[in-house]
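In what follows, a structure is listed as structure tokens, so that the remarks can point back to it.
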Amino acid sequence: MSKLERIKVVELPAEQNLRPLLHEIGHALRKLADRGEEHVIDLRAMPFGPGDEAALMRFLGEGEASGRVDALGETRIRESRFPGVWLIDHYNEDGGRIALQIEITRMPSILRTPPEELQDSLAGFGLALKERETN
Amino acid sequence: MSDHNTLGEILRERGVSRRGFLKFCTATASMMALPPTMTMAVAEALEKAPRPSVIWLSFQECTGCTESLTRSHAPTIESLIFDHVSLDYHHTLQAASGDAAEAAREEAMHAHHGKYLLVVDGSIPLGDPGFSTIAGISNLDMLKETAEGAAAIIAVGTCAAFGGLPHAAPNPTGAVSVSDIIKDKPIVNVSGCPPIPSVITGVLAHFLTFGGLPELDQYGRPMVFFGQSIHDRCYRRPFYDKGLFAETFDDEGARKGWCLYRLGCKGPMTYNACATMKWNQGTSWPIESGHGCLGCSEPDFWDAGGFYKALSIPTSDLAGAIGTGLGVGAAVGIAAGAMAHKKKTDAEHEREPLTVEQLEGES
Amino acid sequence: MTPTEFLVLTRGPLFDIAVTIFVFGIVLRLFEVLILGRKADLAAARGAEFKPGMATVMRRFVPDREKLQGSPVVTILGYLFHVGFFVCLLLFVPHIELIHSTLGISWPGLPTAMIDAVAVITMLALVGLFINRLNSKLLRFLSTFEDYFLLVVVFLTLFTGYLAFHRIVEPYPTALALHLLSVELMLVIFPFTKLMHTFTAFLGRYYNGAMYGRRGVES
Amino acid sequence: MSGTSLQRGLKAWMEEMDAPVASFFSSCVHCGICAEACLFYTETGDPKYTPIHKLEPMRRFWQQEFTLFGKLLKTVGLSKPVTDEELEEWETLVYDSCTLCGRCSMACPVGNDITYMIRKAREGFVASGHVPKGMVGAAGRAIRIGSPMGVKLSALEAQIRHIENDTGLKIPVDVEGADYMALLSSMEIMNFPEYIEALARIFKQAGVSWTLCSEAFEATNSGIQIGSKDIARQLVQRVVDGAEKLGVKYVISPECGHAYFAIRWEGPNLIGREYKFEVVHILELLDQLRAKGRLKVSEKFDERLTFHDPCQIVRKGGVLAETRNLMGMIASNFVEMEDHREHNWCCGGGGGVSSNERADELRIKVFSRKKKQLDAVAPETLVTACANCRLMLEDGLEEYHMELPVTGLTEMIAEKLVEEEK
């Protein structure tokens, strides 16, 4: 253990692997601004080294909006300090990350109510209202 | 759970919301290394995906591949995929044993003839069937018998895919891969020692989602996972390009995370998804933890010339070759040179002076 | 044969054989040359031999106006090729690693992007030299099969190296094995062809410089 | 063995092979750069005149006899033995189109001294009987009469009398114990007796003790040009005997280039021992006298002068600085040609080409190189220091209809010598 401690832990220069990704985000943001085109980047496919993800998070920072979805585990949604660039962090029920994505959009898709659930929602709402009024 | 249920139905039965399902599809697409734009296509396909029967055969293997798949500390999305398949035979995992186990296999083979998925880990000994048998049946016979009715075969691990460790020189058991024996079925090789668990499930997910096998490379490996080399996706690649290398495992270069090429990293010749998928729920992978790639997903990686020898270094005895060359060259050179020198001096000694008369006589 | 087996073969036994023949041939050829010796010059010397000899070894590295004007293509492309080839050979890290493991000496390499550019220039120079050999009346007259063949062999070592580096041939073991195979071909023919000038040119320049130097002339 | 034969020629080559030749042959990559250094190529554009190509038969012979690989090639029939016909074909390349000027040896990137090899190659050509008639004739006259041009002692004596009568100078002959023994070339005796006069005047002023030798006055060596060391040895031996008989300390080589190279650089190796005297080129001696202040000129020439460097004296002989020192002494308007000193272009008549009538036409053709050089600097007088160059230059200039006087450096100095009575 003592030997291990003698080895200094060094923060690695991250720019090398981050650069193309940041450029991709910038490019997507321009398309969103110009034409309203949305874009998703799967960070699982990125050859991140140690420190790269942290450096990305530092760069993106935190913006005004954030959210949270509980479905098959938690999903944390946070807008970065650059409006339109969102971080979508999916976890399973045991708190293990299952996906990490960047969405360049005005509203992340997971936050929008799925149309398939509107009928059920309507029925449930009606039922709940009826129940309230009968009581 | 009924065999006729689709994955969509199963998930809804378990109270998974539409958002949850979409999240699952996002994760699945990501696992299959599909672009995020494919998520909706995956969702559509998974909604209707039938529940396949899976028979898992283990031959000359170390159970590392099964361990890789099942020893995930936290159940992840992989488990959902596995929950969905009907694993009808896996002699390490199943509760049944002996005759009952074999009966289950035969029953699955008959019930789902032509539709079940056969997963194989381990190599098959051809030297003597007695090297590896299950319930008295040789691996070769069991593979042939079970493969006959399979829709497709997934060879999991380098042993099943390429022969692996048992196949390494001198290959005492005459071990071969699945594809050396089975020629008439679609085979996917998911190599690695062991393979990355999400690559195994990724292939299963692909089979589930699209009902067929993904695009394969020349070794029968799914392109999406094996299409690029470790070297090309390695986060340490910029150091290679700059010429910055760790010389030992504890020097400054190693601490600074420089390229491990000189320490024998086989990243340039190895095709796998470690650099992006990583291991242990995306925690790290060999190169990130400071050790070169061994090349475990490549054929004959055991015999490819030493884990700690840089790829460009010849595997054999170069010093010996140089020594032999020097010695023999000097010996032959001195002999040949001495002969030539003698010829030259002989010519000098035998020389008769040339006279103008002789010249005039000729010209 | 699988690509890995191919690589193991070219990285192992074939490389050994090639290196053995290479070293054997070089030593043999040097003995063949040197044992012939040189008669002592009885004429009273005006100048020294050793220093002018070494000076000529160095001086002939420098192209002069006449070469640039008289044979511009050969001189310029020849220069690019020679410098480029040695940069690729000696400053590419995997090559340094090979030398280090064999001879125990090592030095820093160049960034791969630079090696890459140099390799392209070197290959273009070789192609240019080949075309020039075909086009020039003089060189076409002088050229033998060997002259063309050697250009091709040397080109192949660079080209296969380039393919391997850029993974244009998949899988990588095949690409690397092809590179090794072309290098082995070059090593084997080296001592018995004009490639030998790599060594004998130094002897030749020395003799030239020494013989002229003795007479008081800088050659 | 009575006559010349292929076998004898090959055997001569066998003797000639040495480590330099083997390195040179091993190194050539057919780059063609030597061709651009050879006036026979640049002026004709014919690739067969590429210097290294002139050695092709000898290269093959070397490869077959002196390398293991070549033996193998020969055994399996991939390398054909050298034939008589081939040597005959190459004879013109080796004799008519090479002046042994050494320019290619300066140019070769791998350092091949091609001239050194041509000199050796000629040993084989001559021993196999493939040699130009004109050169055989010159060699015969040199051996029998004492001079390649057939100049006899009586002719020299007549010239001496002539000069002595004209100038009142004394030209010493056979003076034992003189410091210097001067050699002459037959061309100087027959075409440029001014040289003898110049020597007499300069040596008188400088107080040099000198003599001619009646048994060894001829400096040129046809044996070396034809490529026979046996014949060359006899000719050198005459000079050595003459000099040792008179007991001189120095032998002065005349301006003639090949004569200088023969007596200075090849001679001791031909006779197999060092000389008991020292050989100096006349320009070396003059420069020494100049440096010591024993040689004074009254004025400089005003005309535009340029200097043609004789290959054998300058590039191959090593008399470099002396030529420019002396030119500086007499020229107020000296211009260098573009390629000069060790890079000068040959007059076209060295290496025996001048005595090979068969080569005349080619020699005149390639003189265009000299013409271009001269046209570029447009001198009023062309100075040189080699009787053979001088003849060849005059011949070439005439053929090209160029009006340009050619003169020898020694004579130029003598012309402006300070006349002071001691």
Side-chain angles (χ1 to χ4, degrees), chain C residues 25 28-29 32-44 46-47 56-57 60-61 63-64 66-67 69-71 74-75 78 133 136-144 146-147 150 191-194 196-197 199-209 211-212 214-219, chain D residues 17-33 35-37 41-42 45-48 50 52-53 66-70 72 102 105-113 116 261 264-269 271-275 278-279 314-320 339 342-343:
Chain C
L28 167 71
R29 294 282 288 104
E32 281 177 350
V33 169
L34 292 171
I35 283 187
L36 283 175
R38 189 157 65 104
K39 278 221 177 81
D41 192 344
L42 298 170
R46 180 183 279 125
T56 299
V57 169
R60 301 262 166 137
F61 279 119
D64 53 35
E66 188 171 324
K67 287 188 188 71
Q69 280 174 2
S71 316
V74 171
T75 308
R133 208 168 259 287
S136 146
K137 187 182 159 198
L138 169 67
L139 292 179
R140 207 169 49 235
F141 174 83
L142 289 179
S143 298
T144 57
E146 185 185 332
D147 294 307
L150 292 183
F192 310 107
T193 58
K194 293 167 172 195
M196 192 60 196
H197 81 275
F199 294 91
T200 54
F202 291 91
L203 290 177
R205 287 177 182 181
Y206 173 77
Y207 285 133
N208 184 316
M211 291 191 291
Y212 273 89
R214 195 183 163 81
R215 301 197 294 261
V217 183
E218 278 187 1
S219 70
Chain D
M17 295 302 169
D18 60 7
V21 173
S23 330
F24 298 155
F25 279 141
S26 301
S27 302
C28 175
V29 292
H30 285 163
C31 70
I33 284 174
E36 303 289 345
Y41 171 75
T42 60
D46 190 336
K48 76 175 177 190
T50 305
I52 197 72
H53 177 66
F66 292 90
T67 73
L68 218 54
F69 190 64
L72 187 73
S105 303
M106 305 296 287
C108 177
V110 292
N112 288 0
D113 189 346
Y116 175 81
F261 197 82
R264 173 69 175 90
W265 298 113
E266 284 216 34
N269 297 310
I271 64 169
R273 66 170 171 87
E274 291 172 16
Y275 294 148
E278 210 177 290
V279 176
V314 178
R315 172 163 47 238
K316 286 181 70 190
V319 182
L320 293 113
D339 294 309
E342 51 271 71
H343 295 289

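Every chain is numbered from 1 and lettered A, B, ... according to where its sequence line falls, protein lines coming before strand lines. Just so it is clear, the values below take in all heavy atoms, side chains as well, and ignore hydrogens, waters and symmetry mates.
- Separation of atoms CE (M211(C)) and NZ (K316(D)) is listed at 10.5 Å; rounding is to 0.5 Å.
- Contact annotation for Y212(C): only side-chain heavy atoms (C-beta onward) come within less than 4.5 Å of a heavy atom of chain D.
- Considering OG1 of T56(C) and CE of M106(D), their distance stands at 8.0 Å, rounded to 0.5 Å.
- The heavy-atom pair separating P20(D) from Y207(C) by the smallest distance is CA-CD1, 3.4 Å.
- Contact annotation: the side chain of N269(D) never approaches that of K39(C) to less than 4.5 Å [non-hydrogen atoms, C-beta and beyond].
- At a 4.5 Å heavy-atom cutoff, the contact between I33(D) and chain C is made by backbone and side-chain atoms alike.
- Residue S27(D) holds its OG atom at 9.0 Å from CZ of R205(C), rounded to the nearest 0.5 Å.
- Heavy-atom distances place the backbone of N112(D), and not its side chain, under 4.5 Å from chain C.
- In this structure, the side chains of L150(C) and H30(D) stay at 4.5 Å or more apart for every pair of heavy atoms.
- Only the side chain of T75(C) comes within contact range of chain D, with at least one heavy atom under 4.5 Å from a heavy atom of that chain.
- For the side-chain contact (heavy atoms from CB on, under 4.5 Å) criterion with P109(D), the lone passing option out of K67(C), H197(C), R60(C) is K67(C).
- For the residue pair A22(D) and L36(C), the shortest heavy atom distance occurs at CB-CD1, 3.9 Å.
- In this structure, CG on L320(D) lies 8.0 Å from CZ on R46(C), to the nearest 0.5 angstrom.
- When side chains are defined from C-beta on, R264(D) does not count as touching R215(C), because their heavy atoms never get closer than 4.5 Å.
- Heavy atoms of Y116(D) lying under 4.5 Å from chain C belong exclusively to its side chain.
- Within the model, atoms CH2 of W265(D) and CZ of R214(C) stand 7.0 Å from one another, a figure rounded to the nearest 0.5 Å.
- Applying the 6.0 Å contact sphere to CD of E66(C) captures more than 12 heavy atoms from other residues, nucleotides or ligands.
- Here H53(D) contributes atom NE2 and L142(C) contributes atom CG; the two are 7.5 Å apart, rounded to the nearest 0.5 Å.
- For I35(C), no part sits under 4.5 Å from any heavy atom of chain D, backbone or side chain.
- Side chain of R29(C) to backbone of S26(D): no donor-acceptor contact under 3.5 angstrom is found.
- With chain D as the partner, the residue from V57(C), L138(C), V217(C) showing the most heavy-atom pairs under 4.5 Å is L138(C).
- Heavy atoms of V74(C) lying under 4.5 Å from chain D belong exclusively to its side chain.
- For a residue to count as touching a neighbouring chain, one of its non-hydrogen atoms must lie under 4.5 Å from one of that chain's; by this rule Y275(D) does not touch chain C.
- With a threshold of 4.5 angstrom between heavy atoms, D147(C) approaches chain D through side-chain atoms but not through N, CA, C or O.
- Interface remark: of the candidates G70(D), G267(D), C28(D), G45(D), C28(D) forms the most heavy-atom pairs closer than 4.5 Å to chain C.
- With a 4.5 angstrom heavy-atom cutoff, L68(D) touches chain C via backbone and side-chain atoms both.
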